Amino acid sequence: GRLEALLLEAKGSWELAEKAYSSLLEDNPLDQTIHKRRVAMAKAQGNIPGAIEWLNKYLEIFMADHDAWRELGEIYVSLQMYKQAAFCYEELILSQPTVPLYHLAYADVLYTLGGLENLQTAKKYYTSTIDLTGGKNTRALFGVCLCTSAIAQITKGKSKEEKEGAQVQSLAAKVLEKDYKQRAPDKLPQLTTALKSLTLSS
């Protein structure tokens, strides 16, 4: 039955494939593969709201599916629905707290949302990404510098925590410079200019 439905999908007979999948789910409502095929089918037709709906229904049943949470988070980011994306990454961090990719994605979303509280939390998650990767995540290092600069602009140096944050920014900048010297020395001048502009703006 699954193979017949897949063949209908391949032919572009979406309605017939959907009927076939619905029929299969009546016999076995907990068939993960068929639920996922429905999501894939919606995406293949460019029906992103449909894909979101199917994914949400799927996650109501299979809450521990990390790949589904990640897929949903990425779809929300592509639609600039950052609050919904943040929820997905929170779920992923709760279930797999040692995966740096989830910390990084969550930090990116919070940084994009902006505002003092989000920026402070984003900086913490960029820092945790750095910890989890042994200081080797370039994006997280940049994230710390960007967050510290943005927070300093908002607080205008009033917060003691953010004065300490300048030291963290300085450390992150040094690690970035060292990394660029080793791996991309020709890009070092651009990095130095970018880091200086962040320091000046904060």
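What you see is a predicted model; the values in this text were computed from it and never measured.
- Ile52 places a side-chain heavy atom less than 4.5 Å from the side chain of Tyr76.
- Residue Glu90 holds its CD atom at 7.5 Å from CG of Leu110, rounded to the nearest 0.5 Å.
- The distance from the CZ atom of Arg38 to the CG atom of Leu24 is 10.0 Å, given to the nearest 0.5 Å.
- Within the model, atoms CG of Leu92 and CH2 of Trp69 stand 8.0 Å from one another, a figure rounded to the nearest 0.5 Å.
- In terms of heavy atoms, Ala172 sits closest to Cys145 at CB-SG, 3.9 Å.
- The backbone N or O of Pro29 lies less than 3.5 Å from a partner atom in the side chain of His35, making a donor-acceptor pair.
- Between the Trp54 side chain and the Met41 main chain, no donor and acceptor come within less than 3.5 Å of each other.
- A distance-only check finds no donor-acceptor pair linking the side chain of Ser23 to the backbone of Lys19 [under 3.5 Å].
- Electrostatic pairing of Asp67 and Lys36 does not count as a salt bridge here, judged by no charged N lying under 4.0 Å from a carboxylate O.
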Next on the checklist: Using the rule given for side-chain hydrogen bond (donor to acceptor under 3.5 Å, both in side chains), can you reason through Arg139 versus Thr129, listing the C-alpha separation, both sets of side-chain angles and the distance that settles it, and then say yes or no?
Outcome noted: CA-CA 9 Å; Arg139 191 157 139 193; Thr129 305; over 6 Å; no
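- If you check the side chains of Tyr126 and Asp108, you find a donor sitting under 3.5 Å from an acceptor.
- Remark: the backbone N or O of Lys43 is not paired with any side-chain donor or acceptor of Asn47 at under 3.5 angstrom.
- For the pair Tyr111/Asn118, no side-chain contact is recorded, criterion being any heavy-atom separation below 4.5 Å from C-beta on.
- Taking CD from Gln32 and CG from Leu30, the interatomic distance works out to 8.5 Å, rounded to the nearest 0.5 Å.
- Across Leu72 and Leu59, no two heavy atoms sit closer than the pair CD2-CD1, 3.8 Å.
- Residues Ser95 and His66 form a side-chain contact, since some pair of their non-hydrogen atoms from C-beta on lies under 4.5 Å apart.
- Ring geometry for Tyr125 versus His103: interplanar angle of 30 to 60°, hence tilted.
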